[in-house]
Number of protein chains: 2
Amino acid sequence: MRNGTKIEKEARPRGRPRGFITSEVLERVRDVFLTKGFAAASLDELSAAAGLNRPSLYAAFGDKEQLYISTLKHIGQKSVEAMDAILSGPEPIEQRLGRLYKGAIDIYTKPPNRPGCIIVATATVESPSHPRIGAAANEILASFEKAFERGFASSDLKPAPSPAERASMAGAILYAIGIRARLGVPAAELRTFTKSMIPVICR
Amino acid sequence: MRNGTKIEKEARPRGRPRGFITSEVLERVRDVFLTKGFAAASLDELSAAAGLNRPSLYAAFGDKEQLYISTLKHIGQKSVEAMDAILSGPEPIEQRLGRLYKGAIDIYTKPPNRPGCIIVATATVESPSHPRIGAAANEILASFEKAFERGFASSDLKPAPSPAERASMAGAILYAIGIRARLGVPAAELRTFTKSMIPVICR
DNA sequence: GGATAATTATGCGGAACGGTACAAAAATAG
DNA sequence: CTATTTTTGTACCGTTCCGCATAATTATCC
């Protein structure tokens, strides 16, 4: 882990400095991708939302597919962190799951778009035409289920079903929420759905 | 149920007869929509797959959105029929579910595309921009869960969780398969997933 | 200050898009 | 056979699309 580079003076790069912050741009274009999906999101909309001109977007992120994948990975990482923060709590696993699902429902049904989950609701469709998008989405979903698995591992549930099996089921519930929210199912209905599912998963 | 119209001579309509069958066209354009999604499917591809010229498609089905919705409803109806055929069988509900999921996995992972489910994998993304697509998809998913509910109602499972609750969970499993298949998860892994979920749903 | 390097802004260009106008073709009605 | 009705085939129109070429701007290096 030795760091041999000089860090004095923060090593400001040579040319004109960027007028934007990468994470902020990704979070702005996310809104467009989340609403329109990858295919229907135009570069005009994306650059307008980002506050960057088209060539700046290209120089910083590459083409539309690369920009979309960067957005997916950024959101995926932040989502896993949020999931871990909830799932590593001290309460019983039932309560941790309840908080997680409630938070997800709030995000997924947020007005005015009811966007659902960007992975299951917008990335999945592109998988056959854009295999790299599919691979990135698959990895993120796998990391979601790993987070669930860590949560179930730190609980006093019976060893069967295994934490991994419970995690798959918890993921399926989350994906169902992400889909049905986008299709218009009211938040209250989604909440009662999760409330009835949690005891089944945690039996 | 009285049928007062004259059916003699089959009432051949006036002008030039159509050179296609509606259901066949819908099943051909389905392949394009299923692979590319709604937004990325071009009318050139759709009319080529249908074997119809563009104006014929428009005259018969309206614009691209209407054609897509007609395709969704056609597949949704046939899917519900297939689900009912399996779920109304005489075996225990666990076996019926197993057969249903096995059939779904075969379809969802079919080479070369691993298309997944057209509803959850291609319709969901369009919901914010095309509310009629979202409404149609939501209705179809609701009819899927009604079919599950009928299956659970004709079983000797305990009354709690209710057939409706079990149906929601069975639907969530089906949607998860439809997503993960499209994202590249191997069929064998999906089968072990369902095998571990069925006892949980039917506990 | 001058040279260099990176980013920003303007604008374009070829291709693909969804949708339609129009005329030829194929059937029935009388 | 003539008139009518519907479908089919060709060709096109205006728009939007993605990506880039080019030049102006803003910083550091010497």
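To find a chain, count down the sequence lines: A is the first, B the second, and so on, and within it residues start at 1. Note: hydrogens, waters and symmetry copies are ignored here, and every other heavy atom, side chains too, is used.
Using a 4.0 Å cut-off between charged nitrogen and carboxylate oxygen, Asp106(B) and Lys110(B) do not count as a salt-bridge pair.
The CG atom of Asp44(A) sits 14 Å away from the P atom of dT10(C) (whole-angstrom rounding). Whole-Å rounding puts the Leu43(B) CG to dG14(D) P distance at 19 Å. A straight line from OH of Tyr58(B) to C1' of dG19(C) spans 5 Å, rounded to a whole angstrom. Rounded to an integer number of Å, the gap from CG of Leu57(A) to C1' of dC20(D) is 14 Å. When the P atom of dC17(D) is taken as reference, atom CD of Glu45(A) falls 7 Å away, rounded to whole Å. Rounded to an integer number of Å, the gap from CG of Leu67(A) to P of dC18(D) is 11 Å. Phe61(A) places its CZ atom 10 Å from the P atom of dT8(C), with the value rounded to the nearest Å. The distance from atom NZ of Lys36(A) to atom C1' of dT16(D) is 12 Å, rounded to the nearest whole Å.
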(request) Give the B/S/- string for nucleotides 4-13 of chain D, one per nucleotide from 5' to 3', where a protein heavy atom under 4.0 Å of the base yields B, of only the sugar-phosphate yields S, and otherwise -. (result) -BBBSBB---
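The two residues Ser129(A) and Lys36(B) come nearest to each other via the heavy atoms OG-CD, 3.8 Å.
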(message) The test is salt bridge (charged side-chain N to carboxylate O under 4.0 Å, His left out); show your working for Lys78(A) and Glu27(A) and say whether it passes.
(response) CA-CA 11 Å; Lys78(A) 296 195 66 173; Glu27(A) 285 160 23; 3.5 Å; yes
(message) Please determine whether salt bridge (charged side-chain N to carboxylate O under 4.0 Å, His left out) holds for the pair Glu91(B) and Arg99(B), giving the CA-CA distance in whole Å, both sets of side-chain angles, and the decisive distance to 0.1 Å.
(response) CA-CA 10 Å; Glu91(B) 322 132 64; Arg99(B) 283 206 293 140; 2.8 Å; yes
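Of the N and O atoms on the side chains of Arg96(A) and Ser154(A), at least one donor lies less than 3.5 Å from an acceptor on the other residue. Counting only N and O atoms by type, the side chains of Ser42(B) and Glu45(B) include a donor and acceptor under 3.5 Å apart.
Among the heavy atoms of the strands lying under 4.0 Å from Ala41(A) are primed sugar atoms or P, OP1, OP2 only; no base atom is included.
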